[in-house]
Novice: 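Have a look at the structure that comes next, please.
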Amino acid sequence: MSALVGAVVFDLGGVITESPLHAFTAYEREAGLPEGLIRRLNSTDPDTNAWARYERNELDVAGFSAAFEAEALAAGHHVEAARVLEALRGELRPEMVTAVHRLKDAGLPLGLLSNNVAPMERTGDLGELLSLFDAVVESSLEGVRKPEPQIYSRVLARLSAAVGREIAAAACAYLDDLGINLKPARAMGFRTIKVVEPAVALAELSELVGFPLDSGPR
């Protein structure tokens with residue numbers, strides 16, 4: 001199996017951790033809201049809505065909560081922003097953690113590119129995992145977010161600086177669970193993988209890096 005890429009960039013939520021969409025759906029059912037409402041609110045006016053401004057750190061928690069709840073009311077529903085934010089805490093996926101370790105052991109440069117609303121904690125299991133990445137780029141610190149092309153260029157530049165050589169998009173795989181975030185990466189030349197089922201995504205990534213990334217013996 002020959003390698004087609006020499007570096008990998010991961011999204012966090014919905015890729016390395018469980019997707020918040022499941023928690024969104026559970027809250028919608030509990031509150032009697034239309035299924036998919038939160039996702040629709042987040043994708044309406046995607047560059048200027050409350051979610052986008054929060055991920056660029058243009059709003060604090062209170063500002064986001066007020067703006068998001070107002071957007072929901074305008075759509076005819078009462079949504080508790082605090083419950084939406086609670087849903088963002090996804091558990092680490094063991095098979096993805098194993099894959100990251102294997103990639104690191106093989107010497108591949110690793111990047112993490114995340115839309116988030118606050119800097120990630122560098123403690124516990126997540127902190128240990130983050131220490132394996134050569135570059136971590138977070139929207140809340142950068143003032144730009146996916147799918148804005150600038151943030152993909154930024155992670156490539158940081159990754160290149162970290163390893164002391166240029167890493168081109170064409171030599172890099174990028175994994176995300178949202179098609180809207182994969183589209184600009186693909187246009188820049190990244191080898192993109194949409195993560196729906198982790199095992200399927202890791203099989204695709206194994207083909208690109210040229211060695212197995214499943215959870216068998218290391």
Novice: For L73, what are the other residues in its hydrophobic cluster, where any two members join if their side-chain heavy atoms are less than 4.5 angstrom apart?
Specialist: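 Under the 4.5 Å side-chain rule, L73 groups with nothing.
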Novice: Is it true that K194 and D176 make a salt bridge, defined as a side-chain N closer than 4.0 Å to a carboxylate O?
Specialist: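 Result for this pair is no, no salt bridge flagged.
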Novice: Using the side-chain contact (heavy atoms from CB on, under 4.5 Å) criterion, which residues pair with R191? Sequence neighbours excluded.
Specialist: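 In terms of side-chain contact (heavy atoms from CB on, under 4.5 Å), with neighbours along the sequence ignored, R191 is linked to L4, V5, L208.
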Novice: Quick one: salt bridge (charged side-chain N to carboxylate O under 4.0 Å, His left out) partners of D177, sequence neighbours excluded?
Specialist: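 Checked D177 against salt bridge (charged side-chain N to carboxylate O under 4.0 Å, His left out); zero matches.
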Novice: Going by heavy atoms in the side chains, are F24 and N42 under 4.5 Å from each other?
Specialist: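 Yes, at least one pair of side-chain atoms sits under 4.5 Å.
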Novice: Answer yes or no: is there a donor N or O on one side and an acceptor on the other, between the side chain of S139 and the main chain of N116, under 3.5 Å?
Specialist: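 Here the side-chain-to-backbone pair exists.
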Novice: Any pair with a residue in residues 149-166 that passes salt bridge (Lys or Arg N to Asp or Glu O under 4.0 Å), sequence neighbours left out, goes on the list, sorted by first then second residue, please.
Specialist: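 Those involving residues 149-166 are E142-R154, E142-R158.
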Novice: Could you work out, with side-chain contact (heavy atoms from CB on, under 4.5 Å) as the rule, every residue matching A99, not counting sequence neighbours?
Specialist: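 Per chain and number, A99 pairs via side-chain contact (heavy atoms from CB on, under 4.5 Å) with L202, L213.
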Novice: Could you note down all residue pairs passing salt bridge (Lys or Arg N to Asp or Glu O under 4.0 Å) where residues 112-136 supplies at least one of them, sequence neighbours left out?
Specialist: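 Those involving residues 112-136 are K104-D134, R122-E138.
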Novice: Tell me, please, which residues at least two apart from A106 pass side-chain contact (heavy atoms from CB on, under 4.5 Å).
Specialist: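 side-chain contact (heavy atoms from CB on, under 4.5 Å) list for A106, sorted by chain: L108, F211.
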Novice: Taking distance alone, no hydrogens or angles, what donor-acceptor pairs closer than 3.5 Å link side-chain atoms of residues 14-22 to residues at least two apart or in another chain?
Specialist:
{"residue": "T17", "atom": "OG1", "partner": "L12", "partner atom": "O", "Å": "3.4"}
{"residue": "E18", "atom": "OE1", "partner": "R93", "partner atom": "NH2", "Å": "3.4"}
{"residue": "S19", "atom": "OG", "partner": "L21", "partner atom": "N", "Å": "3.1"}

Novice: When Ile, Leu, Val, Met, Phe, Trp and Tyr are grouped by side-chain heavy atoms lying under 4.5 Å apart, directly or through other members, which residues fall in the same group as L182?
Specialist: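 Joined to L182, directly or through intermediates: V9, L113, V137, V144, I151, Y152, V155, L156, L159, V163, I167, Y174, M188, F190.
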Novice: According to side-chain contact (heavy atoms from CB on, under 4.5 Å), who are the partners of A203, at least two apart in sequence or on a separate chain?
Specialist: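 Here no residue qualifies.
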Novice: Report all side-chain donor-acceptor pairs from residues 55-63 shorter than 3.5 Å, counting only partners two or more places apart or in another chain.
Specialist:
{"residue": "E55", "atom": "OE1", "partner": "N115", "partner atom": "ND2", "Å": "3.4"}
{"residue": "E55", "atom": "OE1", "partner": "R145", "partner atom": "NE", "Å": "2.8"}
{"residue": "E55", "atom": "OE1", "partner": "R145", "partner atom": "NH2", "Å": "2.8"}
{"residue": "E55", "atom": "OE2", "partner": "W51", "partner atom": "NE1", "Å": "2.9"}
{"residue": "R56", "atom": "NE", "partner": "E58", "partner atom": "OE2", "Å": "2.8"}
{"residue": "R56", "atom": "NH1", "partner": "D47", "partner atom": "O", "Å": "3.1"}
{"residue": "R56", "atom": "NH1", "partner": "E148", "partner atom": "OE2", "Å": "3.1"}
{"residue": "R56", "atom": "NH2", "partner": "D47", "partner atom": "O", "Å": "2.7"}
{"residue": "D60", "atom": "OD1", "partner": "A62", "partner atom": "N", "Å": "3.3"}
{"residue": "D60", "atom": "OD1", "partner": "G63", "partner atom": "N", "Å": "2.7"}

Novice: Could you tabulate the donor-acceptor pairs under 3.5 Å formed by side-chain atoms of residues 74-91, not counting sequence neighbours?
Specialist:
{"residue": "R83", "atom": "NH1", "partner": "E30", "partner atom": "OE2", "Å": "3.1"}
{"residue": "R83", "atom": "NH2", "partner": "E30", "partner atom": "OE1", "Å": "3.0"}

